[in-house]
Amino acid sequence: MKLIYAPTSPFVRKVMMLLHETGQLDEVEIQQVATTPLSTADDAKAANPLGKIPALVRDDGPTLYDSRVICEYLNDRGDGGLYAGGWDSKIMEATADGIMDAAVSATYEVRIRPEDKQWDGWVTAQMGKVQDACAALNARWISHLKGPFDIGHIAVGCALSYVDFRHPDSNWRHSNEALADWFAEFESRPSMQATKPPAA
Ligand SMILES: N[C@@H](CCC(=O)N[C@@H](CS)C(=O)NCC(=O)O)C(=O)O
């Protein structure tokens with residue numbers, strides 16, 4: 001198997017964490033690419049018609065893409081048990097992925113869009129989604145995060161870390177003390193440490 005990969009993508013990081021946690025890291029070749037919506041890497045485009053990463057090229061079946069699909073496949077393959085929480089696990093993953101979508105969109109606005117076309121209103125709206133989703137996690141999902149480790153933990157850990165990485169002024173910890181406390185401890189998990197993005 002070959003993973004189309006970039007070290008700063010929070011979606012790729014979900015897959016990498018799952019590989020660490022389920023002991024499958026050695027079974028995947030890592031193919032690093034630099035890809036953006038405006039300049040798609042050839043390997044990303046060849047693996048996924050949408051040109052997005054992660055994508056998992058398999059020897060025994062079609063290439064998989066979208067981190068949720070890849071994570072569920074690798075969980076089955078490695079007997080990870082990371083979806084034992086059923087719909088709760090999946091809602092948490094979807095919420096975390098939504099944080100990533102919004103934060104990545106805000107990142108593209110300031111890093112990729114030409115300066116004279118950038119719009120603060122877009123960034124504010126996307127970071128508002130991040131705040132709202134963090135508030136929802138803090139209000140409703142702390143008991144799950146304190147429970148058995150699953151895909152929700154991986155996704156939320158990657159999402160919050162990405163927000164810190166690209167949007168250090170977002171202040172998501174404000175009013176979300178329980179979530180901040182959970183994350184402070186979760187960050188020391190070996191799979192989080194092993195998949196940290198390089199300095200911005
Ligand atoms: N829903 C997708 C989102 C993947 C995604 O947006 N990846 C970004 C990198 S963080 C990407 O490939 N961007 C390039 C593009 O949009 O063309 C997933 O979960 O895999």
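Numbering of ligands and ligand atoms starts at 1, following listing order. Both backbone and side-chain heavy atoms feed into the values below; hydrogens, waters and symmetry mates do not.
With hydrogens left out, the protein atom closest to atom 12 (O) of ligand 1 is Ile53 N, 2.8 Å, a heavy atom. At the top of the distance list for atom 17 (O) of ligand 1, counting protein heavy atoms only, stands Pro37 CA, 3.3 Å. Residue, atom and distance of the protein heavy atom nearest to atom 10 (S) of ligand 1 are Ser9 OG, 3.2 Å.
Close N/O approach between Ser67 and ligand 1 is found [any backbone or side-chain N/O within under 3.5 Å].
Side chain of Gln118 to main chain of Arg113: a donor-acceptor pair is present (N/O by atom type, distance under 3.5 Å, no hydrogens or angles). A donor-acceptor pair under 3.5 Å is absent between the side-chain atoms of Gln32 and the main chain of Pro7, judged by distance alone.
Note on ring orientation: taking the six-membered ring where Trp is involved, the planes of Phe186 and His153 are tilted (angle from 30° to 60°).
Residue contacts with ligand 1 for Tyr108 involve side-chain atoms from C-beta outward but no N, CA, C or O (heavy atoms, distance under 4.0 Å).
Heavy atoms of Asp66 approach ligand 1 to within less than 4.0 angstrom.
A cation-pi contact links Arg58 to Tyr73, judged by a cut-off of 6.0 Å to the six-membered ring centre and 45° from its axis. Geometric assessment of Arg189 against the ring of Phe149 yields a positive cation-pi assignment under the 6.0 Å and 45° thresholds.
Ring-centre distance between Tyr108 and Trp122: not below the 6.0 Å cut-off.
Less than 4.0 angstrom separates some heavy atom of Pro54 from each of these atoms of ligand 1: 20 (O).
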